[in-house]
Protein chains: 2
Amino acid sequence: MSKSSAITYSIGELAKEFDITTRSIRFYEDQQLIHPTRKGQTRIYNQRDKVRLKLILRGKRLGFSLAETGRLFELYDADKSSATQLNTIMELIAQKKSDLSQQLEDIKAVLIELTGLEANCKEALAQIEK
Amino acid sequence: MSKSSAITYSIGELAKEFDITTRSIRFYEDQQLIHPTRKGQTRIYNQRDKVRLKLILRGKRLGFSLAETGRLFELYDADKSSATQLNTIMELIAQKKSDLSQQLEDIKAVLIELTGLEANCKEALAQIEK
DNA sequence: CATGAAGTTTACGTAAACGTAAACTTTTTT
DNA sequence: AAAAAAGTTTACGTTTACGTAAACTTCATG
């Protein structure tokens, strides 16, 4: 059972939806992060491409380079039939998880500091307005 | 009451401690993020400079540009005597907090996905080894 | 049918964050 | 004092992630 006539998107639709330029989308393709099909010259994006775009943008917000995001995609797509392969993958996952946990801590710390600074400002403001 | 003979550091010490190059440290100075004093030609870093370096590196881990980190420093140093100034600062803080909260969510999402993928791999491995 | 909107390729430009190197001075160590 | 280690300035090079532009094709439509 295969799906027929699935939902597709044009480059312009995606650009608008994600608020990025078409140039960016083509660039991601150039970097092998997405692989739209073609209808003649025109690029046709499917659901999978759209999801990947979303992941790319989330990666960007986290400071991932496109290459890094690409490596994550590889992890998802990787051939899971070899035990040594699997172990390699799991090491990479563990490393990424560790990095992200560090980031999580960093963010929490900054949030705390900013909240402190905010309180500080509020106080100063109260003083001025008294 | 002022402190005398405070602890200072050489550029090499800091480079080693933070595992970055001296080039980077000079670059941060060039970008006005730190302001070491001089003893003749040689740069002398104090405790404050060291803390800032740490903050710069944490910012980098969070994907902050140097300019952004610089703006955060300005928030800390800002003149808190003007009410309009204070309000501007608090807006910036609120914006940053909002951005960071988004990042926090992003990270949590990726961590969950990675954990899922990890479980997925473990299962595949178990299958192979049976 | 022409015209405007959307798409395409090709290619050069740019900003950020350093790397690398040259050429020199200062400081420390032997 | 000679050599090694650490520091300095100046300047060009590099990578990443697109921006911008030119010049062209395809498609919808008034």
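Here is the naming used below: chain letters follow the sequence lines, and residue numbers restart at 1 for every chain.
Taking atom CZ of A/F27 as the reference point, atom C1' of D/dT20 lies 15 Å away to the nearest angstrom. One can place CD of B/E29 at 13 Å from C1' of D/dG7, the figure rounded to the nearest angstrom. Rounding to whole angstrom units, CD of residue A/E68 and P of D/dA17 are separated by 9 Å. One can place CZ of B/R23 at 14 Å from P of D/dG13, the figure rounded to the nearest angstrom. Computed from coordinates, the A/D30 CG to C/dA11 C1' distance equals 12 Å when rounded to whole Å. To the nearest angstrom, P of D/dG19 lies 11 Å from CD1 of A/I25. When rounded to the nearest whole Å, the span between CZ of B/R26 and C1' of C/dA21 equals 13 Å. As a whole-Å value, the separation of B/E13 CD from C/dT27 P is 15 Å.
In this model, the phosphate group of C/dG19 is approached by a side-chain N or O of B/T21 to a distance below 4.0 Å at OP1 or OP2. Dashed line: the shortest gap from a side-chain N or O of A/Y28 to OP1 or OP2 of D/dA17 is not under 4.0 Å. For A/R43 and C/dT9, the shortest distance from a side-chain N or O to OP1 or OP2 is below 4.0 Å. Taking 4.0 angstrom as the limit, A/K60 places a side-chain polar atom (N or O) nearer than this to OP1 or OP2 of D/dC18. The phosphate of D/dT8 has neither OP1 nor OP2 within less than 4.0 Å of any side-chain N or O from B/T42. Residue B/S10 places at least one side-chain N or O closer than 4.0 Å to OP1 or OP2 of D/dG7.
Distance from the side chain of A/I11 is smallest to C/dG7 among C/dT9, C/dG7, C/dC18. Picking from D/dT8, C/dA17, D/dC18 the nucleotide with the shortest atom distance to the side chain of B/L66 gives C/dA17.
Exactly one of B/E17, B/R43, B/Q47 qualifies for a side chain to side chain donor-acceptor pair (under 3.5 Å) with B/Y9. That residue is B/Q47.
With rounding to the nearest 0.5 angstrom, the CD1 atom of B/I93 is 13.5 Å from the OG atom of B/S98.
Annotation for A/V110 and B/L62: closest pair CG2-CD1, 3.8 Å, computed over non-hydrogen atoms. B/D49 and B/H35 get closest at one heavy-atom pair: OD1-N, 3.8 Å.
A donor-acceptor pair under 3.5 Å is formed between the side chain of B/N87 and the backbone N or O of B/A83.
Where A/S24 and A/K39 meet DNA chain D, the nucleotide closest to each residue was compared, and A/S24 sits on the side nearer the 5' end.
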